[in-house]
Amino acid sequence: MSGPSDYQPSNPALQWIERRLPIFGLIHSSFVAYPTPRNLNYWWTFGAILSFMLGMQILTGVILAMHYTPNADLAFKSVELIVRDVNYGWLLRNMHAVGASMFFVAVYVHMFRGLYYGSYKEPREVLWILGVIIYLLMMATGFMGYVLPWGQMSFWGATVITNLFSAIPYVGESIVTLLWGGYSVGNPTLNRFFSLHYLLPFVIAGVVVLHVWALHVAGQNNPDGVEPKTEKDTVPFTPHATIKDMFGVACFMLLYAWFIFYMPNYLGDADNYIPANPGVTPPHIVPEWYYLPFYAILRSIPNKLAGVIAMFGAIIILCFLPWLDAAKTRSSKYRPLAKQFFWIFVAVCILLGYLGAQPPEGIYVVAGRVLTVCYFAYFLIVLPLLSRIETPRPVPNSISEAILAKGSKAVASVAVALVAAGALFLGSLQDARASEGSDTPPGNKWSFAGPFGKFDRGALQRGLKVYKEVCASCHGLSYVAFRNLAEPGGPSYSVAQAAAFASEYKVKDGPNDAGDMFERPGRPADYFPSPFPNEQAARAANGGAAPPDLSLITKARSYKRGFPWFIFDFFTQYQEQGPDYVAAVLQGFEEKVPEGVTIPEGSYFNRYFPGHAIKMPKPLSDGQVTYDDGSPTTVAQYSKDVTTFLMWTAEPHMEARKRLGFQVFVFLIIFAGLMYFTKKKVWADSH
Amino acid sequence: MNPDASTIAAGAPIEVDLSPIAEGQDIKVFWRGKPIYISHRTKKQIDEARAVNVASLPDPQSDEARVKSGHEQWLVVIGICTHLGCIPIAHEGNYDGFFCPCHGSQYDSSGRIRQGPAPANLPVPPYQFVSDTKIQIG
């Protein structure tokens with residue numbers, strides 16, 4: 001994109017096109033012959049990684065949109081049906097949801113890289129501002145995407161974020177009504193968010209084209225911040241940068257695949273597996289991790305309008321960065337003071353992110369205020385001041401000189417620090433899920449845990465029996481169909497057995513020719529009938545507390561892991577908070593209420609239930625369900641079996657996920673290795 | 001992008017029968033997708049709400065101005081926290097009123113903000129008494 005090209009394709013057909021539309025010349029000059037500085041490090045591969053992620057999000061998103069229903073009554077169910085019934089729907093959904101997080105991981109690295117190496121300085125101001133615009137668009141897109149599954153966090157996140165605009169004087173309320181398309185967040189809101197969520201990625205793609213165009217006009221910055229002067233300072237984009245970028249993308253995909261296949265819910269919130277309920281606010285409303293630093297800034301300011309202004313100001317201020325930092329030296333490599341302040345700033349951002357996930361009380365509020373001041377001080381005081389008082393170290397005359405002088409630096413330690421800090425940041429979300437006033441559920445040995453976990457078939461079959469004979473009298477299982485019982489990765493019943501099982505149920509159907517509803521025996525395609533016709537009936541029959549549907553219960557419940565456990569969890573793939581909690585609650589009933597705890601009339605004491613007062617009476621007792629396979633008929637065994645069964649109902653394709661994950665990992669590791677050695681070969685003469 | 005005709009039509013006034021609500025109890029009804037708390041306040045709650053020095057409140061408003069005269073026991077407020085729109089829980093917090101679980105705002109038995117980040121009192125929706133035991137909201 002840097003001027004007319006003299007590229008001539010050799011193929012006559014391509015020449016014919018080229019004379020009429022010089023597209024091959026454009027591609028050739030932009031991505032093949034384009035001179036790229038020789039000294040770029042791996043932080044520069046994040047541009048390619050981001051392009052890859054944008055493509056991935058659009059591709060998976062378009063397919064997901066073919067199966068998704070943007071209606072307040074159906075959206076939650078349609079997402080569940082994507083995960084359960086669409087071919088590889090679970091994979092698409094995980095790729096898209098985790099992809100959003102990975103997109104932000106990459107964009108934050110990309111931004112910090114620009115900050116460190118002064119990539120926003122003359123002549124790259126417009127390039128930088130276009131980047132900030134892309135970031136803002138990404139935030140809007142990510143937010144609206146999070147609303148679409150229409151779970152509790154979707155709904156309440158949408159409520160809180162749209163209400164931010166009500167802080168604007170005079171026109172605030174009208175703006176909020178316009179966003180909602182109604183008097184509160186509801187079906188019209190979901191519809192317009194879906195429409196915009198589909199639109200904005202293409203707007204992002206458009207701005208990315210401008211971003212790349214601006215990049216190719218100004219040329220890439222580089223770690224030494226000196227412009228290329230001679231041909232010796234650059235290498236052609238292809239093969240040098242392409243192969244290096246491909247290695248970078250392959251490594252990034254390893255991280256991406258780790259989340260997709262082994263911890264798809266690590267970055268999400270358990271509450272979002274509960275369908276949206278406009279009448280109940282979850283105890284902690286936490287945005288997705290990538291908004292947390294800004295959320296912390298919002299909450300640290302006691303005035304509503306000022307808080308909103310500070311939050312948006314924290315992003316908008318980036319646009320003015322090229323003029324706030326007037327230092328002539330670009331790269332912090334040669335700026336001893338700026339380098340230190342940069343790392344302090346990184347720490348401030350990560351800590352703000354941590355605070356954004358904490359409840360707004362006590363020390364967290366004070367710390368939030370201090371860090372908010374630090375955040376703005378970096379841009380408004382430190383950078384302008386440094387450009388006046390700092391004496392930079394001498395900058396090399398050219399890139400080739402810098403390469404010759406290069407010694408291996410502490411890149412590794414920086415990378416380690418960044419990974420540790422990132423893990424803290426990503427995991428801080430977990431911390432927000434406090435379950436006050438209850439004990440931590442004990443850990444269990446689950447057959448389905450770990451990278452090669454499989455469901456214990458016997459436990460699944462016994463668990464189904466426990467569900468059918470005990471739980472089913474109050475709890476529904478509405479996302480599970482009888483046919484699922486015969487599907488691979490499940491309880492391993494034959495199709496005939498599943499059909500026989502289904503026929504024991506009475507299912508309501510109709511209307512018939514006379515216009516009446518009638519009952520008939522269940523078929524494999526039917527879903528488990530719910531014990532109550534609607535939530536109100538369930539509530540009325542159970543003393544005011546509706547028994548939740550159990551299809552997703554092991555994913556919709558969690559407990560606080562706390563620091564530093566959530567960091568270890570990332571590496572150990574511990575994902576079983578939900579099953580641990582469910583099994584603990586089933587066994588946590590105690591006859592004797594401990595002193596100091598008062599349990600209201602009609603409730604029961606449970607050690608592990610948040611607040612201890614549970615409306616459900618002790619459901620299981622020894623010997624209640626008979627087992628044919630000789631397993632012990634104890635409450636402990638029942639709990640374990642039924643929890644295993646409920647883990648399967650929550651994620652019927654878990655075994656397929658882990659199996660495919662292993663294959664993908666083998667492939668990616670080989671692929672990354674090949675890319676690495678190819679890259680070494682290509683660059684052999686250039687270093 | 002403003003609300004369409006059917007949304008506006010669905011937002012027409014509703015009538016609520018108050019007779020089943022015992023003293024000290026409250027109900028939550030939905031109007032225009034918003035939860036409306038209707039509290040049958042006890043004598044103690046009314047006295048507490050009226051004993052406060054109005055000028056000392058963050059959003060000064062007397063209890064008399066927030067209820068209909070002759071029906072002081074009935075408090076009707078939109079149950080949406082004026083901070084960021086969460087739903088406060090009734091009968092919680094230090095002021096015998098409402099407590100918002102999201103960011104800790106506390107409202108008194110007249111729905112007025114007393115503590116926390118919310119800038120304003122819980123709004124009183126437009127309503128009137130059709131009879132002694134029935135109100136029309138909207």
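Residue numbers start from 1 in every chain, and the chains themselves are labelled A, B, ... in the order their sequence lines are given, proteins ahead of strands. Only heavy atoms go into these numbers, but all of them, side chains included; no hydrogens, no water, no symmetry mates.
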- prompt: Going from OG on A:Ser184 to CH2 on B:Trp31, what distance comes out if it is rounded to the nearest 0.5 angstrom?
  reply: 11.0 Å
- prompt: Are any side-chain N or O atoms of B:Lys28 and backbone N or O atoms of A:Gly279, one a donor and one an acceptor, separated by less than 3.5 Å?
  reply: yes
- line: d(B:Met1 CE, A:Thr189 OG1) to nearest 0.5 Å is 10.5 Å
query: Residue by residue, which of residues 55-70 of chain B have a heavy atom closer than 4.5 Å to a heavy atom belonging to chain A?
result: none
statement: chain A shares the most heavy-atom pairs under 4.5 Å, among B:Ile8, B:Ile87, B:Thr82, B:Ile80, with B:Ile87
- request: State, yes or no, whether a side-chain contact exists between A:Pro188 and B:Asp4 at a heavy-atom distance under 4.5 Å.
  value: no
message: Between A:Lys304 (side chain only) and B:Pro119 (backbone N and O only), is there a donor and an acceptor less than 3.5 Å apart?
response: no
Separation of A:Leu178 CG from B:Asn2 CG (nearest 0.5 Å): 5.0 Å
- prompt: At a heavy-atom separation under 4.5 Å, does B:Ile89 approach chain A through its side chain, its backbone, both, or neither?
  reply: neither
task: Kindly compute the distance separating CH2 (A:Trp180) from OG1 (B:Thr7), expressed to the nearest 0.5 Å.
output: 13.5 Å
field: Evaluation steps, side-chain contact (heavy atoms from CB on, under 4.5 Å), between B:Cys86 and A:Val160
entry: CA-CA 7 Å; B:Cys86 298; A:Val160 168; 4.2 Å; yes
statement: In terms of heavy-atom pairs under 4.5 Å with chain B, the winner among A:Gly186, A:Pro282, A:Pro278 is A:Pro278
- prompt: Is the CZ atom of A:Phe202 crowded by more than 12 outside heavy atoms at less than 6.0 Å?
  reply: yes
- prompt: Does any non-hydrogen side-chain atom of A:Thr177 lie less than 4.5 Å from one of B:Pro3?
  reply: yes
